[in-house]
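Hydrogens, waters and symmetry mates play no part in the numbers below; they use all other heavy atoms, side chains included. Order of appearance sets the numbers: ligands from 1, and atoms from 1 within every ligand.
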Amino acid sequence: MADFEHVFAEPPEGAAADWTISQNWRAYTQVEHATWDTLYARQMEILPGRAADAFMKGLQALRLDTGGIPDFALMNAKLQALTGWTVVCVPGLVPDDVFFDHLANRRFPSGQFIRKPDQLDYLQEPDIFHDVFGHVPMLTDPDFADYMQAYGKGGQRAQSLGMLRNLARLYWYTVEFGLMDQGDGLRIYGAGIVSSATESVFAVEDPSPNRIAFDLERIMRTDYRIDDFQQVYFVIPSIEALNDATLEDFGPIYDRLKGATDIAIEAVLPYDKVITRGTQAYAARGGRFAA
Ligand SMILES: C[C@H](O)[C@H](O)[C@H]1CNc2nc(N)[nH]c(=O)c2N1
Ligand SMILES: N[C@@H](Cc1ccccc1)C(=O)O
Ligand SMILES: [Fe+2]
């Protein structure tokens, strides 16, 4: 991660001790506001029928479509009234302990910058479109709001126990790339998917990836890829069920994980509850680097 443009080892100049910076909303250019509008409009063509109802409802409630990059002062007034969460600005990826401290206090750290017009489809670091459009709607859901705070506290604990590599996979396969069985079909709730035009279609409809029922310990043993569409998605029955499954003390689970092997990204295990078994054709032909 060291060569990412927006990663720093200590709070950069102008940032507070908790790494927050001012959004400085007035400084965004017309091009930057237009980038938000383009990305927003594109997702609205794709997400109805694919994104979870909880996501669509949250998006509506926050009114992130009033033109341009949302002003956090206005957005936070709505969000805070709903679930007590606020969004704060950070210069980019922040260290894990800083990230967890924000979540544990119901503050979601969002990048301040927006992607350049030539990066609409792919960028490595989270920008304000991913962080706000992707993450914040779900924070209006009371159960999800509690889950994220619990994850922050759980992260602090995992870090002290040296188990962060395992716990980070839970975040990855739920908060970032989670699918939900909504009853009327498979739906997206993961921020990394809903903020991506291409993965929004791939995650729900493509025959390539495996889709496997949520299994906490299995997820914490499963590798993930950060550079392309996922080869496996895990499906929760509901946000409430996700919350229930993660309330238990992870101590004994961590003890078991210390002696367990990692599970390959494309593996399907005998005990997996398989929802769709993938062909893995997309990854086999070279993923996003395919000719
Ligand atoms: C697991 C770990 O906490 C995770 O990679 C964190 C690190 N720092 C971050 N910092 C920001 N701004 N946003 C993030 O999503 C994260 N993720
Ligand atoms: N229950 C977990 C904390 C946690 C909750 C929710 C998500 C992640 C972690 C623990 O004991 O460590
Ligand atoms: Fe994210």
Side-chain angles (χ1 to χ4, degrees), residues 1-2 4-12 15-16 18-21 23 55 87-104 106-113 115 123-139 143-178 188-196 199 214 216-217 219-220 223-226 230 234 236 239-257:
M1 297 216 291
F4 288 179
E5 199 179 331
H6 298 270
V7 185
F8 306 92
E10 52 183 72
D18 68 356
W19 287 69
T20 57
I21 57 175
Q23 187 188 16
F55 176 87
V87 182
V88 292
C89 261
V90 291
L93 286 173
V94 299
D96 293 333
D97 61 323
V98 176
F99 185 65
F100 297 141
D101 186 62
H102 282 301
L103 297 186
R106 287 188 180 260
R107 290 187 303 266
F108 188 77
S110 164
Q112 192 266 354
F113 71 101
R115 65 196 71 183
L123 83 167
Q124 271 190 335
E125 314 150 69
D127 72 339
I128 196 168
F129 185 76
H130 167 81
D131 281 331
V132 171
F133 184 92
H135 285 282
V136 182
M138 291 302 292
L139 291 173
D143 291 310
F144 197 83
D146 289 346
Y147 175 70
M148 285 288 276
Q149 179 177 24
Y151 182 87
K153 292 181 189 166
Q156 293 168 333
R157 181 179 183 210
Q159 201 168 28
S160 71
L161 296 172
M163 298 306 290
L164 198 48
R165 209 174 63 92
N166 296 277
L167 188 72
R169 293 165 173 170
L170 177 63
Y171 190 88
W172 191 263
Y173 282 119
T174 58
V175 178
E176 293 291 353
F177 292 98
I188 308 158
Y189 71 95
I193 313 176
V194 287
S195 63
S196 161
E199 194 154 0
F214 179 88
L216 180 63
E217 214 162 319
I219 287 176
M220 287 204 273
D223 288 328
Y224 59 81
R225 51 185 314 161
I226 61 166
Q230 301 305 304
F234 291 93
I236 59 169
I239 300 163
E240 247 190 318
L242 171 64
N243 235 336
D244 288 349
T246 50
L247 279 180
E248 70 173 291
D249 176 9
F250 286 11
I253 299 179
Y254 289 149
D255 287 338
R256 283 197 295 276
L257 288 171

On a heavy-atom basis, which atom in [X] and which in [Y] lie closest, and how many Å separate them?
X: Met220; Y: Tyr254; value: SD-CE2, 4.2 Å
X: Pro91; Y: Trp19; value: CD-O, 3.3 Å
X: Ala245; Y: Glu248; value: O-OE2, 3.7 Å

Atoms of ligand 1 less than 4.0 Å from [X] heavy atoms?
X: Val90; result: 12 (N)
X: Leu93; result: 9 (C), 10 (N), 11 (C), 12 (N), 13 (N), 14 (C), 16 (C)
X: Ala168; result: 1 (C)

Item checked: Name of the residue among Phe234, Tyr189, Phe214 meeting ring-ring contact (aromatic ring centres under 6.0 Å, His included) with Tyr173 -> Phe234

Please give the N or O to N or O pairs under 3.5 Å between ligand 2 and the protein, distances rounded to 0.1 Å.
from	atom 1	to	atom 2	distance (Å)
ligand 2	1 (N)	Thr246	O	2.8
ligand 2	1 (N)	Glu248	O	2.7
ligand 2	11 (O)	Arg157	NH1	2.7
ligand 2	11 (O)	Phe250	N	3.0
ligand 2	12 (O)	Arg157	NH1	3.1

Next item on the list: Confirm or rule out an N/O/S atom of Glu176, from backbone or side chain, lying less than 2.8 Å from the Fe ion (ligand 3).
Entry: yes

Check: Do the side-chain N and O atoms of Tyr151 and Thr174 include a donor-acceptor pair separated by under 3.5 angstrom?
Finding: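 No pair is found: no donor N or O on one side chain lies under 3.5 Å from an acceptor on the other.
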
Roughly how far, to the nearest 0.5 Å, is [atom2] of [Y] from [atom1] of [X]?
X: Leu247; Y: Leu242; atom1: CG; atom2: CG; answer: 9.5 Å
X: Leu257; Y: Asn166; atom1: CG; atom2: CG; answer: 5.0 Å
X: His130; Y: His135; atom1: NE2; atom2: NE2; answer: 3.0 Å
X: Phe108; Y: Leu139; atom1: CZ; atom2: CG; answer: 6.5 Å

Check: Does Val94 approach ligand 1 within less than 4.0 angstrom via side chain, backbone, both or neither, non-hydrogen atoms only?
Finding: both

Notebook entry, point to check: Quick check: are there more than 12 heavy atoms from other residues, nucleotides or ligands sitting under 6.0 Å from CD of Glu240?
Noted result: no

Item checked: Test item, Ser110 contacting ligand 1 (heavy atom, 4.0 angstrom) -> no

Check: Contact between Phe100 and ligand 1, counting heavy atoms under 4.0 Å?
Finding: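 Yes; Phe100 lies near enough to ligand 1 that a heavy-atom distance drops under 4.0 Å.
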
Next item on the list: Compare Leu170, Val98, Asp96, Leu164 and give the one whose heavy atom is closest to atom 4 (C) of ligand 1.
Entry: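 Nearest option to atom 4 (C) of ligand 1, by heavy atoms: Asp96.
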
Checklist line | Residue selection (non-hydrogen contact nearest atom 12 (N) of ligand 1) among Cys89, Gly92, Pro126, Pro109 | finding: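 Answer by nearest heavy atom: Gly92.
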
Checklist line | Pair Phe133 + Phe55: ring centers closer than 6.0 Å | finding: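 So the answer is yes for these two rings.
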
Next item on the list: May I ask you to check if ligand 1 and Tyr151 share an N or O to N or O distance below 3.5 Å?
Entry: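 Checking ligand 1 against Tyr151, no N or O pair falls under 3.5 Å apart.
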
